[in-house]
Amino acid sequence: MTTRRSLTRSLAALPALALLGLTFPAAAQNPAEVKVGLLVPLSGLYARPGQVMKMGAEMAVEHINAQGGIKALGGAKLKLVLLDSGDTVEKAKNAAQRMVAQETDLVAASGAYLSSFTLAATEVTERASLPMLTLSYSDLITDRGFKYVFQTSATAASQAEQCLPEVMKVAEKATGVRPKTVAIITDNTGASVASVKPMRERLLKEHGLTLVVDETFTPPLSDATPLVQKVRATRPDLLFFLPTVISDGKLILEKMNEFGLGQARIPTISFGIAIAEPEMLKTMSADLLQGVMTCVGSWGSKGHEPLIAELKSKYGEPWMTQNGISTYADMWVVAAALEKAGKADKEAVAQALRTLDLGPSKYYPGGLIKFDNKGRRVNAGLTIVQWQSGMPNTVFPPDLAMTQAIWSKK
């Protein structure tokens with residue numbers, strides 16, 4: 001009989017993410033390939049982040065297959081099935097319906113970028129009992145009692161809880177005083193709304209911050225002037241700016257510079273990756289981005305250098321955003337669940353995901369490769385990224401930081 005020891009030895013080539021804590025039931029069938037879905041925006045307003053998610057997933061599938069595929073299934077190869085969620089909630093929901101109707105042999109899926117898309121898509125995947133991994137932030141995604149949704153990023157509320165104290169520390173260390181006033185400009189997408197909710201309700205007050213501007217807009221913006229005029233009139237110590245569309249980020253930052261507020265004159269902190277996408281640098285001066293921070297669920301950071309180099313070589317990407325690194329990690333988590341399940345069956349994979357306990361995370365920041373009873377990754381952390389000299393570099397947490405944070409000394 002094959003022993004657990006010999007199985008573990010045979011998996012020695014796999015990264016730690018696919019090793020720790022696995023047990024392998026005997027496989028009833030060993031298919032030649034196992035299908036995993038990727039439901040992301042490949043057209044419309046959010047096509048760019050969707051393309052990067054596709055890159056991360058493709059790299060992971062290639063790596064998994066090159067290292068022997070799914071050992072518990074006789075070396076079965078993963079096959080990525082792409083589905084376009086489009087750029088609206090309705091399109092995302094329709095795409096999810098097509099996915100579960102047409103791709104009935106999927107064992108799991110990953111997606112769907114914007115929290116509002118994910119909320120709609122997972123209503124469909126839950127009814128189909130299809131396990132869905134997501135990097136989306138909204139707390140609502142895993143507050144609905146669903147059993148087939150697995151959130152790998154820290155929730156929006158958790159990110160706000162983790163980010164704000166660190167930002168305050170950096171500010172106080174650099175200037176000798178704690179910020180006292182803050183402005184919020186946010187779009188109305190699910191993750192943005194969820195991020196500012198705990199700040200408005202209690203976090204700002206707990207940190208001694210007074211909210212002097214509070215504006216919400218629908219993307220894409222056509223004119224940033226009214227929003228920036230309110231910031232200029234109040235001159236807050238901090239600006240929390242939460243766009244999900246790159247053009248909105250560009251419009252606000254350029255208008256702030258036009259009004260004499262840019263280039264870190266008012267320290268600007270975002271949530272999510274739009275503000276740190278390579279396209280920002282392609283469409284505006286690096287000087288206007290200098291010092292801008294963003295709190296994100298994950299980022300290519302210290303320890304990920306080989307992946308970042310491969311992404312650059314293979315796809316021409318200058319750095320690895322959350323969309324690439326998180327989706328890369330998702331494929332490894334699915335592979336680990338398949339090893340544990342021992343069969344290419346979505347129900348078995350879902351049960352394996354619920355009971356995974358693979359130890360410390362390698363590709364997501366902080367926490368464990370383990371999910372709680374809501375489907376949230378246990379103790380999930382975040383990264384804080386800051387534009388410095390034309391590059392968005394990780395400045396927090398310390399074990400992933402590639403440089404030190406800077407702050408405007410007005």
Side-chain angles (χ1 to χ4, degrees), residues 137 139 153-186 191-216 230-232 234-243 249 252-253 256 261-276 289-299 301 322 365-367 379-388 392-410:
Y137 298 167
D139 295 60
S153 297
T155 66
S158 174
Q159 288 189 43
E161 293 264 11
Q162 296 179 61
C163 182
L164 188 54
E166 293 304 321
V167 168
M168 296 293 281
K169 287 177 190 175
V170 172
E172 189 169 10
K173 182 179 179 181
T175 65
V177 296
R178 288 176 66 81
K180 295 180 179 177
T181 58
V182 62
I184 291 176
I185 297 177
T186 179
S192 298
V193 170
S195 295
V196 298
K197 184 174 185 288
M199 289 198 288
R200 287 168 172 153
E201 291 178 349
R202 58 181 181 82
L203 288 176
L204 297 182
K205 184 177 180 180
E206 288 174 6
H207 289 277
L209 289 166
T210 300
L211 185 59
V212 295
V213 174
D214 188 3
E215 293 290 328
T216 301
K230 292 183 179 182
V231 176
R232 182 172 64 174
T234 55
R235 292 275 178 167
D237 296 325
L238 297 174
L239 168 63
F240 282 102
F241 172 42
L242 289 78
I252 289 282
L253 292 178
M256 286 180 64
L261 308 176
Q263 302 185 55
R265 292 182 183 91
I266 293 182
T268 302
I269 301 95
S270 190
F271 283 79
I273 69 161
I275 207 80
L289 291 162
Q290 179 70 7
V292 173
M293 291 183 179
T294 187
C295 303
V296 294
S298 188
W299 200 260
S301 304
Q322 171 184 272
N379 297 328
L382 84 164
T383 52
I384 300 178
V385 176
Q386 185 177 47
W387 280 97
Q388 296 181 16
N393 291 311
T394 302
V395 296
F396 178 86
D399 63 316
L400 297 178
M402 303 180 86
T403 187
Q404 296 291 312
I406 58 174
W407 196 265
S408 171
K409 299 180 181 180
K410 292 191 273 187

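All values reported here derive from a predicted model rather than from experimental measurement.
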Do M293 and V170 have side chains that approach each other closer than 4.5 Å (heavy atoms only, starting at C-beta)?
yes
With rounding to the nearest 0.5 angstrom, report the CD1 to CE distance, I266 to M256.
5.0 Å
Do K230 and I185 have side chains that get closer than 4.5 Å, going by heavy atoms?
no
For atom CD of E206, decide whether the heavy atoms of other residues, nucleotides or ligands shown that lie under 6.0 angstrom number more than 12.
yes
Are any side-chain N or O atoms of Y137 and backbone N or O atoms of G297, one a donor and one an acceptor, separated by less than 3.5 Å?
yes
Hey, what do you get for CD1 (I406) to CD (Q386), rounding to the nearest 0.5 Å?
4.5 Å
Could you pull out the closest heavy-atom pair between Q322 and W299, with the gap in Å?
N-CE3, 3.6 Å
When you measure from the side chain of T181 to the backbone N and O of T210, does any donor-acceptor pair fall under 3.5 Å?
no
I'd like to check P243 versus I252 (side-chain heavy atoms, cut-off strictly below 4.5 Å). Are they in contact?
no
Judged by atom type as modelled, is there a donor-acceptor pair below 3.5 Å linking the side chain of W387 to the main-chain atoms of I275?
yes
If we only count heavy atoms from C-beta on, is the V213 to L239 side-chain gap below 4.5 Å?
no
In the structure I gave you, are the side-chain heavy atoms of F240 and V196 within less than 4.5 Å of one another anywhere?
no
So does S195 get a backbone contact from the side chain of Q159, meaning a donor-acceptor N/O pair under 3.5 Å?
no
Sort out for me which residue in V296, T403, L400 forms a side chain to side chain contact (heavy atoms under 4.5 Å, CB included) with T394.
L400
With distance as the sole test, does T294 use its side chain to make a donor-acceptor pair with the main-chain N or O of V292 at under 3.5 Å?
no
Closest heavy-atom pair, A405 versus Q388, reported as atoms and distance to 0.1 Å, is CA-NE2, 4.0 Å
Do L382 and F396 have side-chain heavy atoms sitting under 4.5 Å apart?
yes
Might you point out which heavy atoms bring S158 and A380 nearest each other, and give the distance in Å?
OG-O, 4.4 Å
Nearest atoms (heavy-atom pairs only) where A154 meets G381:
CB-O, 3.4 Å
R178 backbone acceptor or donor facing E172 side chain under 3.5 Å
no
Which atom pair, heavy atoms only, marks the closest approach of F241 to S270?
O-OG, 2.7 Å
Look only at the side chain of T186 and the backbone of T216, and say whether a donor-acceptor pair between them is shorter than 3.5 Å.
no
How long is the span from the NE2 atom in H207 to the CE atom in M199, to the nearest 0.5 Å?
10.5 Å
Check whether Q162 reaches the backbone of C295 with its side chain - one donor and one acceptor, N or O, closer than 3.5 Å.
no
Of all the heavy-atom pairs spanning V231 and P236, show the shortest one and how long it is.
O-CD, 3.4 Å
If you apply the rule side chain to side chain contact (heavy atoms under 4.5 Å, CB included), what do you find for L242 with V193, and how did you get there?
CA-CA 9 Å; L242 289 78; V193 170; over 6 Å; no
Show your working on side chain to side chain contact (heavy atoms under 4.5 Å, CB included) between L238 and M168 and close with a plain yes or no.
CA-CA 10 Å; L238 297 174; M168 296 293 281; 4.2 Å; yes
Show the numbers, then the answer: is there a side chain to side chain contact (heavy atoms under 4.5 Å, CB included) between I273 and V385?
CA-CA 9 Å; I273 69 161; V385 176; over 6 Å; no
Is the shortest side-chain heavy-atom distance between D139 and K197 below 4.5 Å?
no
Is there a side-chain contact between L209 and L203 in this structure, where contact means two heavy atoms from C-beta onward sitting under 4.5 Å apart?
no
